[in-house]
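Structure first, then comments.
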Amino acid sequence: MNAPISPASPASPADTLRTALAGLLDGLPPKQAAQAVDRLIANYRGRTPTDAPILRDRADVAAYAAYRMPATFEAVRSALDALADAAPEGWAPGSHVDVGGGTGAATWAVASTWPGERPVTVLDWAEPALALGRELAGAEPRLKAARWQRSRIGASLAIESTDLVTVSYVLGELTDADRASVVEAAAGAATQAVVIIEPGTPDGYTRIMEARERLIAAGYRIAAPCPHSAACPIEPGTDWCHFSARVSRSSLHRQVKGGSLAYEDEKFSYVAAVRFDPAPPPSRVVRRPQIRKGQVLLDLCGAEEELRRETVTKRHGPLYRAARDADWGDAWPPRSEE
C-alpha cells in the first residue's frame with residue numbers, strides 16, 4: 001500500500017513574492033527595463049524632493065518591483081522582527097496601513113512577520129504601482145483582500161485608524177512640510193505602532209531622527225532599534241545609525257541590476273515606535289561584529305544612553321559563542337543569556 005501523501009506546506013510570503021516577481025518582466029525588452037532602472041536609481045538617490053509620482057507607467061513599475069521590492073521587503077521585515085521582539089508575547093497587529101506603499105513590499109513583510117489575516121490598506125499616489133501591487137498580492141492568500149487606494153502622500157494625507165502604520169522609503173521623496181505632515185498623520189492614526197524605514201545613508205538617518213522626535217512628542221515609546229526613548233547618543237554629523245539586511249537575488253534580479261553575486265546587502269535606517277510598554281533589549285549591536293582570535297568586539301548602543309565597545313572572549317563561555325553568532329542589528333545579550 002502506498003503511504004499517504006502529506007499536503008505540501010504552504011509557501012512563505014517571501015517565497016511567494018519571489019515566485020511572483022520571477023515572471024514580472026516577461027515581455028518587457030531588457031533595454032527598456034534597464035533604462036527604467038537607471039532613471040529610478042537617479043531619482044531615488046537624488047536629493048530633490050518631488051510632489052509627483054516617480055513611477056509613471058507599467059514599464060517603470062515592473063522595473064521598480066524587480067529593482068527594489070526584494071530589498072525593501074528584507075529591510076522592512078528586519079525592522080518588524082525587531083518590533084516583534086520588543087512587543088509583549090503574542091502581540092500582533094490586527095490591521096495595517098502602508099503609507100506610500102507602491103507595489104506593497106511592506107505588506108508582504110507584515111504577512112511574513114505575523115501569521116494570520118488582517119485588514120490591509122496600501123496608500124500611494126501612483127496608480128500603476130497600485131495596480132501591479134494588487135496583481136502581485138493575488139498570489140498571497142493573506143493579501144488578497146488588501147485595499148489599494150490612490151492617495152496623495154503629503155499635507156492632505158488622511159489615514160484611517162489602524163493598529164500598525166508603516167512608512168518605508170517615502171520621506172526622502174517629500175518636502176520638509178509634507179514629511180512632517182505624513183509622520184504626524186501616521187502618529188495620529190496608529191493605535192499600536194508606527195514603523196518608519198529610510199535608506200541607510202546620513203540623510204536617511206537624519207530623516208529617521210526627525211520622525212523619531214515627532215513620534216516621541218506624540219506620546220510614543222521607542223521599541224527598536226534604540227534600547228531607550230532618550231536622545232540618540234550619536235553626535236550629529238559624526239556618524240549615523242544604520243543596519244544591513246541580506247537580500248537573495250534571483251537571476252532576473254541580477255540581470256536587471258547588473259552584477260553576478262547571488263546576494264546583496266541593503267543598508268537602511270529605521271524607527272519602531274509603540275503606544276504600549278515595549279521591552280527593548282539592554283543593548284543593540286550597531287556595527288558589524290569584529291571576530292578576532294579568541295575574542296569578538298561588539299559596538300553597542302545601550303539602555304544607559306551611550307555607545308560602547310564590549311570585548312567578549314573565550315572565558316565568557318556561552319556568551320562568547322553567542323557573540324560569534326551575533327550579527328549587525330541584533331539584540332545583545334541574546335534573550336537566553338540575559
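Not measured: the values here are computed from a predicted model.
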Exercise: identify the closest heavy-atom pair between Gly101 and Val122: CA-CG1, 3.8 Å
Distance-minimising heavy-atom pair for Tyr320 and Val296: CE1-CG2, 4.0 Å
Basic-acidic side-chain contact under 4.0 Å: Arg179, Glu184: no
Polar contact flag, side-chain donor to acceptor under 3.5 angstrom, Arg288-Gln290: no
Glu306, CD: over 12 other non-hydrogen atoms inside 6.0 angstrom: yes
From CG (Asp98) to CZ (Arg147), nearest 0.5 Å: 13.0 Å
Note, Cys232 side chain near Cys226 side chain (heavy atom, < 4.5 Å): no
Least distance between heavy atoms, Val274 atom then Ala193 atom: CG1-CB, 3.9 Å
Whether Glu198 side chain and Ser168 backbone form a donor-acceptor pair below 3.5 Å: no
Reported CG-to-OG1 distance for the pair Leu136 and Thr16, which is rounded to 0.5 angstrom: 11.5 Å
Exceeds 12 heavy-atom contacts within 6.0 angstrom, atom CD of Glu304: yes
Side-chain touch Val285/Leu300, heavy atoms, less than 4.5 angstrom: yes
Sole residue of Asp299, Asp327, Asp239, Asp330 in salt bridge (charged side-chain N to carboxylate O under 4.0 Å, His left out) with Arg287: Asp239
Heavy-atom check, side chain of Pro119 versus side chain of His96, under 4.5 Å: no
Distance-only side-chain donor-acceptor flag, Asp203 / Thr206, under 3.5 Å: no
Donor-acceptor contact below 3.5 Å, side chain Arg150 vs main chain Trp125: yes
Over all atoms of both residues, closest heavy-atom pair of Ala187 and Tyr220: O-OH, 2.7 Å
Gap separating the OG1 atom of Thr107 from the CG atom of Leu143, nearest 0.5 angstrom: 4.5 Å
Test item: side-chain donor near acceptor, Ser95 and Arg118, under 3.5 Å: no
Asp163 side chain to Thr191 side chain, donor-acceptor N/O pair below 3.5 angstrom: yes
Cationic N near anionic O, under 4.0 Å, Arg212 to Glu210: no
Any donor-acceptor N/O pair, Thr103 side chain to Ala65 backbone, under 3.5 Å: no
Separation of His228 NE2 from Ser283 OG (nearest 0.5 Å): 9.5 Å
Side-chain heavy-atom pair Glu266, Pro199 within 4.5 angstrom cut-off: no
Arg315 and Gln295: CA distance, side-chain angles, deciding distance, side chain to side chain contact (heavy atoms under 4.5 Å, CB included) verdict: CA-CA 9 Å; Arg315 71 170 182 268; Gln295 62 181 13; over 6 Å; no
Inter-residue atom distance Leu130.CG - Trp148.CH2, 0.5 Å rounding: 7.5 Å
Test item: Val110 and Leu80 side chains (from C-beta on) under 4.5 Å apart, heavy atoms: yes
Lys/Arg cation over aromatic Phe276: Arg221, 6.0 Å, 45° cone: no
Side-chain donor or acceptor of Arg77 paired with backbone N/O of Thr72 under 3.5 Å: no
Chi angles and distances behind the side chain to side chain contact (heavy atoms under 4.5 Å, CB included) call for Ile196, Val183: CA-CA 9 Å; Ile196 301 177; Val183 174; 4.2 Å; yes
Nearest atoms (heavy-atom pairs only) where Arg275 meets Ala190: NE-O, 3.1 Å
Greater than 12 external heavy atoms within 6.0 Å of Lys267's NZ: yes
Geometric class of the Trp328/His242 ring pair [parallel <30°, tilted 30-60°, perpendicular >60°]: perpendicular
Side chain Thr166, main chain Val195, donor-acceptor under 3.5 Å: no
Gap separating the OG atom of Ser244 from the CG atom of Asp265, nearest 0.5 angstrom: 4.0 Å
Test item: Ile197 and Val167 side chains (from C-beta on) under 4.5 Å apart, heavy atoms: no
Audit row: Ser12, Asp15, side-chain hydrogen bond (donor to acceptor under 3.5 Å, both in side chains) steps and yes/no: CA-CA 5 Å; Ser12 70; Asp15 291 337; 3.3 Å; yes
Geometric class of the Phe268/Phe243 ring pair [parallel <30°, tilted 30-60°, perpendicular >60°]: tilted
Pro225 backbone acceptor or donor facing Arg284 side chain under 3.5 Å: yes
Heavy-atom side-chain proximity of Pro282 to Pro227 below 4.5 angstrom: no
Electrostatic pair Arg142-Glu140, nearest N-O below 4.0 angstrom: yes
Main-chain N/O of Gly154 paired to Ser181 side chain as donor or acceptor, under 3.5 Å: no
For Ala84 against Thr113, the heavy-atom pair lying closest together: CB-CG2, 4.3 Å
